[in-house]
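Everything below concerns the one structure shown next.
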Amino acid sequence: MVNFTILAGGYTSFIASYMFNSEANTLTYLNQYITGGNPTWIISHPTNKNVLYAVNENQPTGALQSFMVGPEGALTLVETAYSGGSGPPYCSGLSTGQVAIVNYGSGTARVIPTTDPLHFSADDSTIVTFAVPTTGTQGVSEPHMVYQYGEELLIPDKGNDKIWRLGRSGSPGDFSVHGQIAQPIGSGPRHIQIYENQLYTIHELASTLTLQDFPAYPNFSTPLISNVSTVPDYQPAGSSFAAAEVLIPLPTTEFPTPYIYTSNRNTGVQDSRGDTIAIFEKVDNQLVLRNQVYTGLNQIRGMMHGQQAGEGGDAYIVAAGFAGTAGVKVYKRTEGGANLEEVAVNTELPTRTSFVWLKQ
């Protein structure tokens, strides 16, 4: 029997913990731990899995929080720092020790140094303000993620149709924009992954997944190699899609193909089968749809693969909707990862928005 502990953030004032038993295929709600308001994105420290970071996606003043992780995911709040703006949807611990956070509501980002993984040193930190877009449809900067790649920070900006490139320009908290990667106008880049030096971008406004070679700094961009829709063929009248997440679990012996998983959030009239997770494969440098898996979830937004948990975790993906009452679901990767099978569900909490699998 293998038990996996899963932490889940959401639009509440707590982080929930679950236990997934992969032998019995059960998902048990364990506890909830008080946080600041709206810990919608949670993420482990990159090397110390006993440390968790969470945003407080509040307006007009957002925050970043650090937690000590105990047995079965028990959380102890340690410190809170100002995010540098409004409505932060994402944070990430960096390999260099800082924590980066972006603010969707104010078009800003901040890199906060630490004295140790749990304690912030926010005095030595620059707030980066992104330019107001002159093209596209949003009219405001809407940074949605921060992704460390080498010495750079990459920030997809849904409002600017760009991925900003930030580099350190002085002290540990002093970062500035030193480039950008252009994206299709009106596409709304939301989240990214990089695999084998190729950039995969999920676009919220266009509901597309794109592939391009990662441009070496200071190149402006590279041509799109592939650009595909994530939306299922059948679309109910009144549906409105907004692609949300992209995952690429690393290949393993059991799952040798690096399939790409994207979540299709339908914010309009729902299909009775719920939203889908679209599964793609890169074939001859083109993105090929392998499956549309209907989940029964309403506005599926957050999902995470279990590779974070270590041995055995790579077989699973956890997901939830932003709306509705379908709760949290665990899926088993089948057909080498080209398909998903629902194996466990818990509906004690109707919605969740982000997940962390704890190391076994």
Side-chain angles (χ1 to χ4, degrees), residues 1-35 38-44 52 54-55 57 67 69 72-75 89-90 191 243-247 249 261-267 270-279 293-309 312-334 339-360:
M1 180 179 72
V2 178
N3 286 325
F4 296 97
T5 303
I6 302 171
L7 298 175
Y11 282 100
T12 54
S13 293
F14 61 85
I15 293 170
S17 61
Y18 295 84
M19 183 69 71
F20 170 55
N21 182 315
S22 61
E23 185 175 272
N25 285 335
T26 57
L27 183 64
T28 304
Y29 178 67
L30 297 178
N31 213 331
Q32 63 185 48
Y33 301 96
I34 298 301
T35 66
N38 300 319
T40 55
W41 182 260
I42 60 174
I43 194 167
S44 291
L52 183 85
V55 303
E57 193 179 340
F67 298 84
V69 182
E72 295 190 342
L75 298 179
Y90 200 101
H191 281 192
E245 184 61 278
V246 55
L247 304 175
Y261 302 83
T262 66
S263 62
N264 276 309
R265 180 176 43 156
N266 179 2
T267 63
Q270 288 287 301
D271 187 307
S272 61
R273 297 166 292 179
D275 292 347
T276 67
I277 296 173
I279 305 174
V293 179
Y294 286 88
T295 64
L297 297 169
N298 186 337
Q299 297 190 36
I300 181 171
R301 173 171 147 173
M303 60 181 188
M304 182 54 67
H305 57 80
Q307 210 162 54
Q308 295 176 321
D314 60 346
Y316 300 99
I317 287 176
V318 63
F322 165 73
T325 59
V328 176
K329 297 189 176 187
V330 176
Y331 301 88
K332 186 172 185 178
R333 299 168 70 196
T334 61
N339 208 344
L340 297 173
E341 174 191 0
E342 182 184 316
V343 294
V345 60
N346 185 286
T347 59
E348 291 184 58
L349 296 176
T351 64
R352 292 282 87 190
T353 58
S354 61
F355 300 95
V356 166
W357 295 71
L358 295 181
K359 194 79 173 176
Q360 298 303 298

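As the structure is a computational prediction, the values presented were derived from the model and not from experiment.
- Contact between P249 and R333 at its shortest, heavy atoms only, is CB-NH1, 3.8 Å.
- Remark: Y90 engages W41, H191 in a ring-ring contact (aromatic ring centres under 6.0 Å, His included) (not counting sequence neighbours).
- Looking only at distances, a side-chain donor or acceptor of S354 sits under 3.5 Å from a matching main-chain atom of I42.
- Partners of S17 by side-chain hydrogen bond (donor to acceptor under 3.5 Å, both in side chains), not counting sequence neighbours: none found.
- Applying the ring-ring contact (aromatic ring centres under 6.0 Å, His included) criterion to F4, with sequence neighbours excluded, gives W357.
- In this structure Y331 satisfies the ring-ring contact (aromatic ring centres under 6.0 Å, His included) test with no other residue, sequence neighbours excluded.
- Side-chain atoms of S22 come within 3.5 Å of backbone atoms of V2 as a donor-acceptor pair (strictly under, hydrogens ignored).
- Contact annotation: the side chain of Y18 never approaches that of L7 to less than 4.5 Å [non-hydrogen atoms, C-beta and beyond].
- For the side-chain hydrogen bond (donor to acceptor under 3.5 Å, both in side chains) test, residues two or more places apart in sequence or in another chain that qualify with E57 are Y11, T40.
- In this structure, N31 has no side-chain hydrogen bond (donor to acceptor under 3.5 Å, both in side chains) partners at least two apart in sequence or on a different chain.
- If you look at Y33 and F14, their ring centroids are not closer than 6.0 Å.
- Pairs engaging residues 312-327 under the salt bridge (Lys or Arg N to Asp or Glu O under 4.0 Å) rule: none recorded [sequence neighbours left out].
- The nearest pair of heavy atoms linking G73 to L358 is CA-CD1, 3.6 Å.
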Residues N21, T28; criterion side-chain contact (heavy atoms from CB on, under 4.5 Å); working and verdict: CA-CA 8 Å; N21 182 315; T28 304; over 6 Å; no
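- Just one residue in the list D275, T276, I279, N264 forms a side-chain contact (heavy atoms from CB on, under 4.5 Å) with V293, and that residue is I279.
- The side-chain heavy atoms of V356 and I15, taken from C-beta on, include no pair separated by under 4.5 Å.
- Under the salt bridge (charged side-chain N to carboxylate O under 4.0 Å, His left out) criterion, E72 pairs with no residue, sequence neighbours left out.
- Scored by the ring-ring contact (aromatic ring centres under 6.0 Å, His included) test, F67 finds no partners at all (sequence neighbours excluded).
- Minimum interatomic distance between M304 and L247 (heavy atoms only, all atoms of both residues): CA-CD1, 3.8 Å.
- Scanning all heavy atoms of the two residues, the minimum distance from A320 to G327 falls at CB-O, 3.6 Å.
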Side-chain donor-acceptor pairs under 3.5 Å in residues 343-352, sequence neighbours left out?
unit_1 : atom_1 : unit_2 : atom_2 : d
N346   : OD1    : E348   : N      : 2.9
N346   : ND2    : L27    : O      : 3.1
N346   : ND2    : E348   : OE2    : 3.4
R352   : NH1    : A8     : O      : 3.0
R352   : NH2    : T12    : OG1    : 3.0

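- Qualifying salt bridge (charged side-chain N to carboxylate O under 4.0 Å, His left out) partners for D271, counting only residues two or more places apart in sequence or in other chains: R273.
- In plain terms, the two heavy atoms of Q308 and K359 that are nearest each other are O-CD, 3.7 Å.
- Between H305 atom NE2 and I317 atom CD1 the span is 7.5 Å, to the nearest 0.5 Å.
- To the nearest 0.5 angstrom, Q270 atom CD is 9.5 Å from L297 atom CG.
- Every residue two or more places apart in sequence or in another chain that forms a side-chain hydrogen bond (donor to acceptor under 3.5 Å, both in side chains) with E342 is listed here: K329.
- Shown here for L340 and Y261, the closest heavy-atom pair between the two residues is CD2-CE2, 4.1 Å.
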